[in-house]
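Heads up: the structure comes next, in structure tokens.
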Amino acid sequence: MDVQTLTFIIVGASFAMYIAIAIWARAGSTKEFYVAGGGVPPVANGMATAADWMSAASFISMAGIISFVGYDGGVYLMGWTGGYVLLALCLAPYLRKFGKFTVPDFIGDRYYSQTARTVAVICAIFICFTYIAGQMRGVGVVFSRFLEVDIETGVYIGMVIVFFYAVLGGMKGITYTQVAQYCVLVFAYLVPAIFISLMMTGHVLPQTGFGATLTDGSGMYVLDKLDGLSAELGFAQYTEGSKSMIDVFAITAALMVGTAGLPHVIVRFFTVPKVKDTRISAAWTLVFIAIVYTTAPAVASFARVNLIDTINGKDGSGTEYAEAPTWVKNWERTGLITFNDKNGDGKMQYSAGKMEDPNSANEVKIDRDIMVLANPEIADLPAWVIALVAAGGIAAALSTTAGLLLVISTSVSHDLLKRTLKPNISDKQELIAARLAAMIAITISAYFGINPPGYVAAIVAFAFGLAASSFFPTLLMGIFSKRMNKEGAIAGMISGIVFTAGYIIYFKFVNPGANVPANWLFGISPEGIGTIGMLVNFGVAFLVCKVTSEAPEEIQQMVEDIRNPKGSSAAHAH
Amino acid sequence: MGLFESLKRFFVLPDRDADVLKANCFKTDYLVIDLELTGLNAKQDEIVSIAWVPISHQRIQIGNCQHFINNQVSNLNQSPVFHGIDSDSLAQGVPLNEALKALNELLDDKILIFHNQELDWSFLRLAFNKAGLLHKPLAILDTMQIEHKRLARQGQVIAQDSLTLNNCRERYRLPEYSCHNALTDAMATAELFLAQANQISRGKPLLVKHLM
Amino acid sequence: MALELNEVGRFIKAQAPFNDLDSSATEYFIKSLEAVYLTPENQNQWLNSSAPCLFLIRSGLYDILDSSGEVVARLSEGDYFGYPSLLTGEPISNRLEVQNEGIVYLLSQMHWDYLREHYKAFAQYFVRAHANRLLSVNYKKRSDDWSSKRICEIMKQGAVTADPDTKICDAAKTMSQFGVSSLMITENSKLVGVITDRDLRNRVLAEGRSPNDIVATIMTTSPKHVFEHNRVFSAFHLMLKQNIHHLPVLDEQHHPIGMITATDLLRQQKSDPVQLIGRIYKAESVADIKRYALEVPELLRGFSDRVEDTSLIGKLLSGITDAMTTRLIQLFQEQNGKAPTPFSWICFGSQAREEQTLHSDQDNGLLMPDNLTQSQLEYFKALGEFVCDNLIACGIKECPGGIMASRDSCRMGLSGWLNQFSSWIKSPSPQAILNCKIFFDIRFVEGSESLFDSFSKGILTTTKNQIFFASMATDINANSVPIGLFNQFKLEKNQQKHTYLDLKKRGVAIINDIVRLYALHHNINAANTLERLSALAKKQDVNKSDIYDLKDCWRYLTQLRLNVQLQQKGLPANCIDPEDLTSLERHQLKEAFYLIKQAQQAAAFKFARGSL
């Protein structure tokens, strides 16, 4: 059976499984079995959260980015993992005690201001948009390859499927569907990684294979070989960073605090009934995320070695284009690999530099987002593994997108429309508005998925940057500074997000040519500017707070109570 | 000469009119007309507004009612409040001739009904003449005369104001209408006519001429 | 032209459903109308099955008779008829009898079809009207059932009042001048007290008080009262419970508008249910109460035939349970001495919602002050056991979940109860949510009202937790309405292979849950679903039509449930087989379920940010 048929079967089967689980969960709940069972066990909830967490960016793009930029790509790994820890330990427990279900609600009530709530809602919508755009791009890549269409059509197909799944299907909120998605995702990620690790290093675990010697008889370490190849072809050394220290630091920080402010993940911590279970499931989530994240660097380096070896040939002189492996041809059809035989020798040569640059020897342009998907093909793994990866990529994108679309549609229809503009709107109209909002959100995100301002991980990084500069400081001050007032919070959020969005838009859209370290503020790239945005937010907030009257007494009292809990002990007094 | 014309029309009835009179009054088409006037003298005073309500086979066709306000009224003698017409609604009016033309087209095979035809029809006839739309209706019925005849037959003493539209309607327990304009009154007259015809007939056949 | 000037237009616009409909619909309706004069002689001309019409009465009086000649309804100005055959396509089965002739508006089938197709609210209105007519069992007997009447229907208008500083002798003069046996004492037109003949005798003559003292010294302050729109039944209940003979009647603004006396009520026809409650309140012994309790099922059977508003039956049964509870508590205190501290006997669940049925079990609890001594605790333990055991003996089953004042877990001090509630709210596990569904429907039965008030205030402050609301909303959505993807009924099956729909669990209970959630969110204290809905309709950010929809659905399902209960055929309680319904009823039922589903989704969406 060819790859395409198998992909249809496996992706189709995974969808059938999600739907079956949804139906089963509903039927099950009507029999009230779950009341007797005491709800969803923390392990399952941990998996579901991990599925929410791991987006197409984590699945498709992170290994790709590490694979291409090497050591520097590690910032994503550190930032995302760190962000999760920050959220689970520092924010979620306090927000939960506050008894607010969404970030805008917390901000609106903590800062006793409808304006603050509205600003927060708009920030949330903005962030979610950016984030979904990244997901759409990811889904587009998957579909374009496996249906053998160009990336644009791939995004359209993805758009339709996501819309049906998330909006019409009402699949969100069923924990066990997400558990299934996590299983598909992790299986799809690990199987090819283990295969390749076995083939290249003889180690079953990719994590150990990563640090082992190659089995091709050379006895070289994987990373040493990669460093050698990179140097040979004019790339920076794989294990050496090319980004400045401050930029690496800024990006990591932005990713971390941005993650902690992402609205759709915070909600996950509130759907677990017991505080104790929340902690256990958060720990499980970390384990499940770690399984994928620790595999990523190994996948990245194996893929890199394989890629260079396959394109440039074992001797490094290049492979005949006419005899190029089928995966090159397949990906060429999507437009994500392009070959330009500049020296006319009929062979492909891959090296540093841009393919479009006539002075560069590089003849091949490879989109980073295809690395994880192409990896099994490059390594010549069986067709079903390739199909499995497609299903995994879609699972990753679906689980995240469904959550984000819900945040957008509830924010638009409930927080903006019902609460602010038209309080007397009927239930039916509210639901219609929500579906419309989701539809518009998908359409706009699809546009950005087709015309991306960067690759998937980078788009997502922007989303995090925006979250970092708007929500995180406001949440943190809301919890830990009882004096902080609404004027400060609003001014901080606005200046943070305007600064960050402005910086990103300038370098990515208005003047992309100027996007080089020399022009950057403090040498910080647009990916990391969220950190400065966060500092701007803090600074403006404290300044404004100083010159305006401090928060009302009862708010200060409330903040005090939440940080020094006494209610929880009283609850067990009887 | 207006008077001569009307006399001729009234007394010298052509053959087809005789058919009309022998027709079943429940199966005939009617047009109930009401006018609002600035005074009682057809020579001096003017038509403020005109409205009509068609009845076909005992059904009042509400959707086909018409109501025109004459925007050429030179002098609103009576309080405009009485007619419910102020300068705003005057502005929405049309020249009287237009209304008459519209009415003229409907008259062919219909019997006209007024409440107090003597007054209204004299105004209308004059106006038709002026507009050069000489017209001879099939027949004219008057709910006021019908009521007068009915009360007289029952041997009741007929008090001075007992024949006003409102008082007639009250006798049939028809709803009380608070607002007075040509359209409402035409509608009220139409309802009154149906009530009268039904109560006089009490299920027996009733010809148009019995109502004359 | 200018149809709006017309009386017809004015009449139609004020008429349901057009007062809520698009003006385009109203205009179309008016333009398509024909007016006729309807008499006994010509009625067959209009009412014939070959050309069905919708009729709207403008004037006159008409009776609708069924095939057996029974009057189904008396219609007058503003009433519609003819819609059942338009809706069902079946020939006209009822007959019309003209009482007073008058003008009737006709709408032909063609125009009816157009409106029905283009304006859903128009169609809905008539579908519901039809349902109500079908469901109003023995329409004619409605006027006989006086206890379901409103107080304003039977009271004499006109309040005889006096200022608090009126001299007693002047007050007495006023009373004899107006020929009344009681006087309302008002200050700034608000009721502050009441004096009665008996007060003049017992507190003035017997005590030798001077007739020149002011009435404020002898009046009963903050008297019990009722509102004009309350049911007569409630007034009777209150009089019996408090053993008083005069009840001031207040309007919505709390201004006194009259007095209702025991004699007024006795003048009305005697009614068994109310008498029974009266007897329970006066029962001499536990054995008496048990004997009276035996009459309840039979009584209910007779009563349920007669009421049009089925919510009254739940009220009646809850009232009987309240009466038994109160009397048992009093009897206990007569035997064992007065309670050592104030306490409140509270009830939960269906008794609190006043939706009790014959199958309902006990849900009650005892609220006490904090820090009681061991002997005080012993006293209340004995009280709880005494009342609950005797209620079981009276036929009110033991609660399988142990929610009874005889259990230690339901006999707690104020802070104990509050902690219990707040722990559920803070950790909304499935079990906690299940508890909340029962415990958040809460009503005071007997004892100290002020203790209960501080308790309900405490609960309201702890419920302000969105995470808790979100869990409630998620839970509501876990219970699905029995409508499938393609608008077909999803039936359940029992061992006997009967297929059925559970109207209570899949309909009424979901509405109750949704309404409870909104009520908690809006700080509404009432426990009864309809009362909660009425209170919600007054809130600013609540859409009125959503509330009316829920009310309609609730009523419809409750009535349907009662109708089928009367004609059981081996199905579980509260269940129906849709095959037994007419196609129109099936359509209405689907519509009701659809509305519930939508309300469910909206609740999940608003509170839990879930499922579109």
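Just so it is clear: chains get the letters A, B, ... in the order the sequence lines come, proteins before strands, and each one is counted from 1. Worth knowing before you read on, the calculation uses all heavy atoms, side chains too, and leaves out hydrogens, waters and symmetry mates.
When the salt bridge (charged side-chain N to carboxylate O under 4.0 Å, His left out) test is applied to Arg516(C), the partners found at least two apart in sequence or on another chain are Asp441(C), Asp513(C). Looking at residues two or more places apart in sequence or on another chain, you find a salt bridge (charged side-chain N to carboxylate O under 4.0 Å, His left out) between Asp552(C) and Arg128(C).
Annotation for Lys457(C): atom NZ does not count as buried by contact number, only 12 or fewer foreign heavy atoms lying within 6.0 Å. Residue Asp370(C) qualifies as enclosed at atom CG: its count of foreign heavy atoms under 6.0 Å is above 12.
Here Gln598(C) contributes atom CD and Glu430(A) contributes atom CD; the two are 10.5 Å apart, rounded to the nearest 0.5 Å.
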I would like to know whether Lys428(A) and Asp546(C) meet salt bridge (Lys or Arg N to Asp or Glu O under 4.0 Å); could you show each step before the answer?
-> CA-CA 8 Å; Lys428(A) 193 176 180 180; Asp546(C) 288 344; over 6 Å; no
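When every heavy atom of Lys606(C) is checked against every heavy atom of Asp427(A), the shortest pair comes out as NZ-OD1, 2.8 Å.
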